[in-house]
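First up is the structure itself, then whatever we jot down about it.
Throughout, residue positions are numbered sequentially from 1 according to the sequence presented.
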Amino acid sequence: MKFGIVLDYFFYDFNKESFQKEIKKVIDFECDGLLFAPIFYEDSVQFLKVYEEKNIPVVMIDSNISEENQHAYVGQDAFQSGYLAGRLISFAVKNERQVLIFKIAREIESTSVYLQRIDGFYSYFKDHDELTNFKFSEITIKDSGIDQLCIEMFKDINSVFVPNSRAYIVARFLEENDVKGVRIIGFDLLNENIEYLNKGIIDFLINQRPEEQGYLGINYLYKKLVLQEETERIQYIPLEIILKENYFPAKK
């Protein structure tokens, strides 16, 4: 391969059992550097403690599970992305607004990213105490329990913040039940999210450019291992605000 780098991939399904199975393989695998997406927080912390003994450079993408460790990180500032969502919800609102934070997770997530986004969201309103007309409520359901959604949950709700990529689940429910006038903000350019963005049901998506995260992560390892260059340990990806009007799919 170009530049003398060979990439080996370890894929896991989005559940803890699959994740744990793959990280056991990664611990036994001989390599010079690791690019790692630590989706499950507690398991990832344990894994990195074991992996540190190998003394191999690690780059985390998507989630920076600890500011204190010495691993490199490429990705979003999760707190800042939640703060940005708060600003977007606050725009052009004069009357009282009921905001619902809708937490839909495959497993009830305790990932640092998820919690940092919610923390950032609330912090925006704490920092802008003139926004006294906002009231907040939270609902948490497992992804497997989406049939638990009911009209009552959205009674008097003006805005919904979904702190992960599941905004389309809320959008689909509101469309099927002909509920209008609810602003939805979520994350990630999943096809399902784009569908509801284009329909005007999701208002904003915050995109964290996953392809660029992967590219910059490998680039960091290349500079460190091949060029022996010192390079910035933390690289935050600029957050993109995607609306129906500025989203253009790549031409095939």
Go through the steps to decide whether L197 and L189 satisfy the test side-chain contact (heavy atoms from CB on, under 4.5 Å), and finish with yes or no. CA-CA 9 Å; L197 184 79; L189 300 185; 5.6 Å; no
Can you tell me how far the [atom1] atom of [X] sits from the [atom2] atom of [Y], to the nearest 0.5 Å?
X	Y	atom1	atom2	result
D119	Y114	CG	OH	14.0 Å
Y12	I23	OH	CD1	9.5 Å
K224	D32	NZ	CG	13.0 Å
S159	R97	OG	CZ	4.5 Å
E195	E192	CD	CD	7.5 Å
K135	F125	NZ	CZ	11.5 Å

Short side-chain to backbone donor-acceptor contact, [X] and [Y], under 3.5 Å:
X	Y	value
N164	I104	yes
E240	R209	no
D203	I185	no
R117	S81	no
Q208	I237	no
N193	Y168	yes

Quick one: do E17 and K21 satisfy salt bridge (Lys or Arg N to Asp or Glu O under 4.0 Å)? Show the steps, please. CA-CA 6 Å; E17 293 72 28; K21 192 170 137 199; over 6 Å; no
For [X] against [Y], the heavy-atom pair lying closest together:
X	Y	result
I241	N246	O-ND2, 3.1 Å
A167	I184	CB-CG2, 4.1 Å
Y247	N198	CD2-OD1, 4.3 Å
A37	F19	O-CE1, 4.1 Å
I89	V160	CD1-O, 4.3 Å
D62	Y73	O-OH, 3.4 Å

Might you confirm whether atom [atom1] of [X] has over 12 heavy atoms from other residues, nucleotides or ligands at distances under 6.0 Å?
X	atom1	answer
E229	CD	yes
K199	NZ	yes
E130	CD	yes
E232	CD	no
K223	NZ	no

On the 0 to 90° scale, with breaks at 30° and 60°, tag the F47-Y51 ring pair as parallel, tilted or perpendicular. tilted
Steps toward side-chain contact (heavy atoms from CB on, under 4.5 Å) verdict (F10, F29): CA-CA 10 Å; F10 293 82; F29 187 76; 3.6 Å; yes
side-chain contact (heavy atoms from CB on, under 4.5 Å) between F187 and V162, worked out: CA-CA 7 Å; F187 289 83; V162 184; over 6 Å; no
With the side chain counted from C-beta on, respond yes when [X] and [Y] share a heavy-atom pair under 4.5 Å apart, and no when they do not.
X	Y	answer
E212	Q235	no
Y122	I101	yes
Y124	H128	yes
Q98	K155	no

Apply salt bridge (Lys or Arg N to Asp or Glu O under 4.0 Å) to residues R172 and E175 and explain how you reach the verdict. CA-CA 5 Å; R172 182 186 295 148; E175 181 189 43; over 6 Å; no
Report the C-alpha separation of M60 and L48 in whole Å, then their side-chain angles, then the decisive distance to 0.1 Å, and conclude whether the side-chain contact (heavy atoms from CB on, under 4.5 Å) test is met. CA-CA 10 Å; M60 292 180 291; L48 286 174; 3.9 Å; yes
If we ignore angles and hydrogens, is there a donor and acceptor under 3.5 Å between the side chains of D43 and Q20? yes
Does anything in residues 145-164 pair up under ring pair (Phe, Tyr, Trp, His ring centres under 6.0 Å), and if so which pairs, sequence neighbours excluded? F102-F154, F121-F161, F154-F173
